[in-house]
A.B. asks: 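Let me give you the structure first, and then I'll get to my questions.
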Amino acid sequence: MVNYKDLGLVNTREMFKRAVAGGYAIPAFNFNTMEQMQAIVQAAVETKSPVIMQVSKGARNYANATILRYMAEGAVAYAKELGCAHPEIVLHLDHGDSFELCKDCIDMGFSSVMYDGSSLPYEENIKISRQVVEYAHQHDVTVECELGVLAGVEDEVASEVSHYTKPEEVIDFATRTGCDSLAISIGTSHGAYKFKPEQCTRDPKTGKLVPPPLAFDVLHEIEAKLPGFPIVLHGSSSVPQEEVDTINKFGGNLPDAIGIPEDQLREASKSAVCKINIDSDSRLAMTAAIRQYLAEHPDHFDPRQYLKPARENMKKMYIHKIVNVLGSDGKLAQQ
Ligand code: G3H
Ligand code: 13P
Ligand code: ZN
């Protein structure tokens, strides 16, 4: 049993309280590789932002759970080495799909876990969420639960359609589970294809797809039911067109990739939305830089040569999100 506090990590409780009161959101970036971890830490340190580093079940399978945990421990040391005396780094399990997986992460030093029972019947979701919360709180680990279903693929939880969170259920759900934050469905979804072309309109000038707006009315109803309660948005990559264009220019094929416009995320950050999940934008930034580098340097084969611009491009994207979209720059408790 490893307690996250001994690793220099923090849970989400205090940072969420400040984010809700301050009208900004904490970035939750997924990581699978060392370069992503380095870019996240560099961005958080340079902007003086708290940050959530999250690990999916797929990341655990790809990189090995123990290695990721040591990387998060290393992230704290790295942040200090970069000059941040009091980093606020959360190691979070993304989309935990069982009590056992959540427990395993808590026991190995995670400071926050998500139990995602959103695809289960309501009472079953409450039952397992409650079980996770009871165990997590014994170790002062915070828990995110989910109500409502996002369209797209959530790890192995698949849904063809989006079911917005029902505002009339949130008080009962939050009270009975005891969760610390609630992930809701208001029209975001995972991946780089968040909307089908037929759900969008087309800008007549550029021919680009314009997605439908998020359901802010649902968000506001939820906020009214649970004043000040931390709300989480998954599936919040904006799928930057310039990265998609670079990928397509250098041999990729991502037709009609589309994300959530950043002005809508900025708007959501000002509300009780205090955690915004971004994974796909990091994948796009990395892939765009690697494709371009390799196309322009066909004789290079040292991974350090193409992973360096990939890391730089991800860092640029993380800083942009922190400063221009979520507003968490300069928000460390101790500067
Ligand atoms: O919500 C899903 C995250 O983007 C993680 O994706 O399961 O492919 O690691 P992954
Ligand atoms: P994106 O696919 O929009 O980056 O969403 C990531 C996410 O929600 C991770 O849980
Ligand atoms: Zn998610």
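Just so you know, ligand 1 is whichever comes first in the structure, and atom 1 is the first atom listed for that ligand.
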A.B. asks: Would Ile278 count as a polar contact of ligand 2, with the cut-off being nitrogen or oxygen pairs under 3.5 Å?
C.D. replies: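 Among all N and O atoms of Ile278, none is under 3.5 Å from an N or O of ligand 2.
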
A.B. asks: For the Zn ion (ligand 3), what is the closest N, O or S atom on His190?
C.D. replies: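 Nearest N/O/S atom of His190: NE2.
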
A.B. asks: Taking the side chain from Thr142 and the backbone from Thr12, do they hold a donor-acceptor pair closer than 3.5 Å?
C.D. replies: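 Yes: the side chain of Thr142 pairs with the backbone of Thr12.
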
A.B. asks: One thing to verify: whether Asp256 and Arg202 come together as a salt bridge, which I'm taking to mean a side-chain N less than 4.0 angstrom from a carboxylate O.
C.D. replies: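 Salt bridge flag = yes for Asp256 with Arg202.
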
A.B. asks: Pick one of side chain, backbone, both or neither for how Ile260 approaches ligand 2, counting any non-hydrogen atom pair under 4.0 Å.
C.D. replies: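 For Ile260, no heavy atom sits under 4.0 Å from ligand 2.
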
A.B. asks: Does the distance from a Lys or Arg side-chain N to an Asp or Glu carboxylate O, for Lys205 and Asp203, drop under 4.0 Å?
C.D. replies: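 No, Lys205 and Asp203 are not salt-bridged.
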
A.B. asks: Where's the contact between Asp279 and ligand 2, heavy-atom distance under 4.0 Å: side chain, backbone, both or neither?
C.D. replies: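 It is both parts that get close, each with some atom under 4.0 Å.
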
A.B. asks: Judged on heavy-atom distance to atom 3 (O) of ligand 2, which of Lys194, Gln54, His95 sits nearest?
C.D. replies: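 Selected option, by shortest heavy-atom distance: Lys194.
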
A.B. asks: Check Asp104 with Arg60, please: is the shortest side-chain N to carboxylate O separation under 4.0 Å?
C.D. replies: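 A salt bridge links Arg60 with Asp104.
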
A.B. asks: Would you mind telling me if ligand 2 is within reach of the side chain of Ala192, the backbone, both or neither, using heavy atoms under 4.0 Å?
C.D. replies: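 It is neither part, as no heavy atom is under 4.0 Å.
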
A.B. asks: List ligand 1 atoms under 4.0 Å from His190, heavy atoms only on the residue side.
C.D. replies: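 Selected atoms, number and element: 1 (O), 2 (C).
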
A.B. asks: With the threshold set at 4.0 Å, does a side-chain nitrogen-carboxylate oxygen contact exist between Glu262 and Lys321?
C.D. replies: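 Salt bridge present between Glu262 and Lys321.
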
A.B. asks: Could you check whether any heavy atom of Arg283 sits closer than 4.0 Å to an atom of ligand 1, since that is the contact criterion I want to use?
C.D. replies: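 Flag set, Arg283 near ligand 1.
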
A.B. asks: Would you name the N/O/S atom of His234 that lies closest to the Zn ion (ligand 3)?
C.D. replies: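 It is ND1 of His234.
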
A.B. asks: Could you tell me whether Arg176 and Glu123 have a side-chain N and a carboxylate O separated by less than 4.0 Å?
C.D. replies: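 Yes, this pair counts.
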
A.B. asks: Please indicate whether any nitrogen or oxygen in Ser56 is less than 3.5 Å from any nitrogen or oxygen in ligand 1.
C.D. replies: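 Yes; the residue has a nitrogen or oxygen that sits under 3.5 Å from a nitrogen or oxygen of the ligand.
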
